[in-house]
Amino acid sequence: QVGLMESGGGSVQTGGSLRLSCVASGATYSVSCWGWFRQVPGKKREVVAGISQKGITTYADSVKDRWTLSHDKAKNTLYLQMNNLKPEDSAMYYCAADPFVDRSCLRSLGERIEYEGQGTQVTVSS
């Protein structure tokens with residue numbers, strides 16, 4: 001089992017920045033893909049970024065060139081630096097992890113997520 005605890009959400013204005021953190025615990029050695037997805041009520045879940053154990057990152061087109069995903073293995077912590085935030089980025093953000101990887105973690109997490117956290121809310125006002 002892997003436990004995930006997010007933090008760092010909040011309210012910002014358009015163009016602002018936030019950094020989300022996710023502390024992992026438990027059987028982290030079993031994870032091949034780490035990442036983040038977001039959920040808005042009534043809409044399909046969107047995986048926004050993924051990172052493999054080798055450090056290969058992949059991003060959704062909606063956030064590419066604005067956000068950066070990183071993984072501090074020594075601290076078992078995943079970070080999502082979100083810059084140039086837009087109102088359409090408003091959502092509940094969840095940390096995700098899965099033992100499986102297929103081509104890219106963005107793709108893999110889009111297909112299955114074994115572990116997810118409780119979520120942290122991000123609200124961007126215009």
Side-chain angles (χ1 to χ4, degrees):
Q1 290 291 324
V2 174
L4 302 170
M5 179 70 74
E6 305 96 336
S7 62
S11 297
V12 296
Q13 292 187 325
T14 297
S17 298
L18 284 173
R19 187 175 81 156
L20 304 185
S21 299
C22 171
V23 178
S25 60
T28 57
Y29 57 85
S30 67
V31 175
S32 294
C33 280
W34 304 91
W36 291 86
F37 69 90
R38 61 188 180 188
Q39 181 84 61
V40 176
K43 292 189 176 181
K44 186 180 177 182
R45 180 174 71 187
E46 179 188 17
V47 179
V48 295
I51 187 168
S52 69
Q53 285 288 15
K54 294 183 179 180
I56 299 172
T57 54
T58 42
Y59 299 92
D61 288 342
S62 57
V63 308
K64 195 178 297 183
D65 299 327
R66 297 191 295 130
W67 299 3
T68 303
L69 178 62
S70 60
H71 185 204
D72 186 332
K73 293 184 179 181
K75 295 183 178 180
N76 274 330
T77 302
L78 196 66
Y79 301 101
L80 184 65
Q81 178 65 45
M82 307 187 295
N83 298 328
N84 191 19
L85 283 159
K86 305 175 181 180
E88 52 264 42
D89 295 320
S90 297
M92 185 71 82
Y93 284 76
Y94 298 85
C95 183
D98 196 272
F100 180 73
V101 58
D102 176 26
R103 299 187 186 182
S104 77
C105 284
L106 188 75
R107 177 189 174 111
S108 292
L109 293 174
E111 295 173 350
R112 52 170 278 170
I113 293 175
E114 182 75 17
Y115 307 107
E116 62 184 73
Q118 295 298 308
T120 185
Q121 178 69 40
V122 171
T123 302
V124 185
S125 58
S126 57

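Keep in mind that the numbers below use all heavy atoms, side chains included, and drop hydrogens, waters and symmetry copies.
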For this session: Dump the intermediate steps for side chain to side chain contact (heavy atoms under 4.5 Å, CB included) on Val122 and Val124, then the final yes or no.
Result: CA-CA 7 Å; Val122 171; Val124 185; 4.1 Å; yes
Problem set entry | Student check: side-chain heavy atoms of Trp67 and Gln81 closer than 4.5 Å | no
Problem set entry | Minimal non-hydrogen separation, Gly50 against Leu109, with atom names | CA-CD1, 4.4 Å
Exercise. Hey, are Ser62 and Glu46 close enough side-chain-wise for a donor-acceptor pair under 3.5 Å?
Worked result: yes
Exercise. Does CD in Glu88 sit with more than 12 non-hydrogen atoms of other residues, nucleotides or ligands closer than 6.0 Å?
Worked result: yes
Exercise. Is the number of heavy atoms from other residues, nucleotides or ligands within 6.0 Å of NZ (Lys73) greater than 12?
Worked result: yes
Problem set entry | Atom pair CD1/OG of Ile51 and Ser70 - distance to nearest 0.5 Å | 6.5 Å
Exercise. In terms of hydrophobic clusters joined by side-chain contacts under 4.5 Å, are Val48 and Leu85 together?
Worked result: yes
Problem set entry | Minimum-distance pair of heavy atoms, taken over all atoms of Phe100 and Asp98 | N-OD1, 2.8 Å
Problem set entry | Shortest non-hydrogen contact from Thr28 toward Ala24 | CG2-CB, 3.7 Å
For this session: Check for a donor-acceptor pair, side chain of Gln121 on one end and backbone N or O of Ala91 on the other, with a separation under 3.5 Å.
Result: yes
Seminar exercise, completed: From the list Arg38, Met92, Glu116, side-chain contact (heavy atoms from CB on, under 4.5 Å) with Arg45 holds only for Glu116
For this session: Give a yes or no answer on whether the side chain of Thr123 reaches the backbone of Ser11 with a donor-acceptor pair at less than 3.5 Å.
Result: no
Exercise. Could you walk me through whether Ser17 and Asn83 pass the side-chain hydrogen bond (donor to acceptor under 3.5 Å, both in side chains) check?
Worked result: CA-CA 4 Å; Ser17 298; Asn83 298 328; 3.0 Å; yes
For this session: Of all the heavy-atom pairs spanning Ser90 and Val40, show the shortest one and how long it is.
Result: O-CG2, 3.4 Å
Exercise. Does Leu106 belong to the same Ile/Leu/Val/Met/Phe/Trp/Tyr cluster as Leu78, with side-chain heavy atoms less than 4.5 Å apart forming each link?
Worked result: no
Problem set entry | Side chain Ser30, main chain Ala27, donor-acceptor under 3.5 Å | yes
Problem set entry | Pairwise distance SG(Cys33) to CZ(Arg107) - rounded to 0.5 angstrom | 12.0 Å
For this session: Assess whether side chain to side chain contact (heavy atoms under 4.5 Å, CB included) is satisfied between Leu69 and Tyr79, documenting all intermediate values.
Result: CA-CA 6 Å; Leu69 178 62; Tyr79 301 101; over 6 Å; no
Exercise. Does the side chain of Ser108 pick up a donor-acceptor pair with the side chain of Asp102 at under 3.5 Å?
Worked result: no
Exercise. Taking the side chain as C-beta and beyond, is there a heavy-atom pair between Val47 and Trp36 under 4.5 Å?
Worked result: no
For this session: Kindly indicate, with the supporting measurements, whether the criterion side chain to side chain contact (heavy atoms under 4.5 Å, CB included) is fulfilled by Met82 and Leu20.
Result: CA-CA 8 Å; Met82 307 187 295; Leu20 304 185; 3.7 Å; yes
Exercise. Got a sec: does the CD of Glu111 have more than 12 other heavy atoms crowding it under 6.0 Å?
Worked result: yes
For this session: Would you mind reporting whether Ser21 and Glu6 have side-chain heavy atoms less than 4.5 Å apart?
Result: no
Problem set entry | same_hphob_cluster(Trp34, Tyr94) at 4.5 Å side-chain heavy-atom cutoff | no
Exercise. Shortest non-hydrogen contact from Ala97 to Val31?
Worked result: CB-CG1, 3.8 Å
Exercise. When hydrophobic residues are tied together by side-chain contacts of less than 4.5 Å, even through go-betweens, does Tyr115 share a cluster with Phe37?
Worked result: no
Exercise. Do Asp61 and Lys64 meet the salt-bridge criterion of a basic N to acidic O distance under 4.0 Å?
Worked result: yes
For this session: Report yes if some heavy atom in the side chain of Leu4 is under 4.5 Å from a heavy atom in the side chain of Val2; otherwise report no.
Result: yes
Problem set entry | Between OG on residue Ser126 and CD on residue Gln13, distance to nearest 0.5 Å | 9.0 Å
For this session: Would you check if Pro87 and Thr14 make a side-chain contact, meaning some heavy-atom pair closer than 4.5 Å?
Result: yes
Exercise. So, Arg112 and Glu114, do they make that salt bridge, N to O below 4.0 Å?
Worked result: yes
For this session: Please report the shortest heavy-atom distance between Thr58 and Cys105, naming the atom on each side.
Result: OG1-N, 3.9 Å
Exercise. With a 4.5 Å limit on heavy-atom distance, are the side chains of His71 and Gln53 in contact?
Worked result: yes
Exercise. Does Leu80 offer a backbone N or O that forms a donor-acceptor pair with the side chain of Tyr93 under 3.5 Å?
Worked result: no
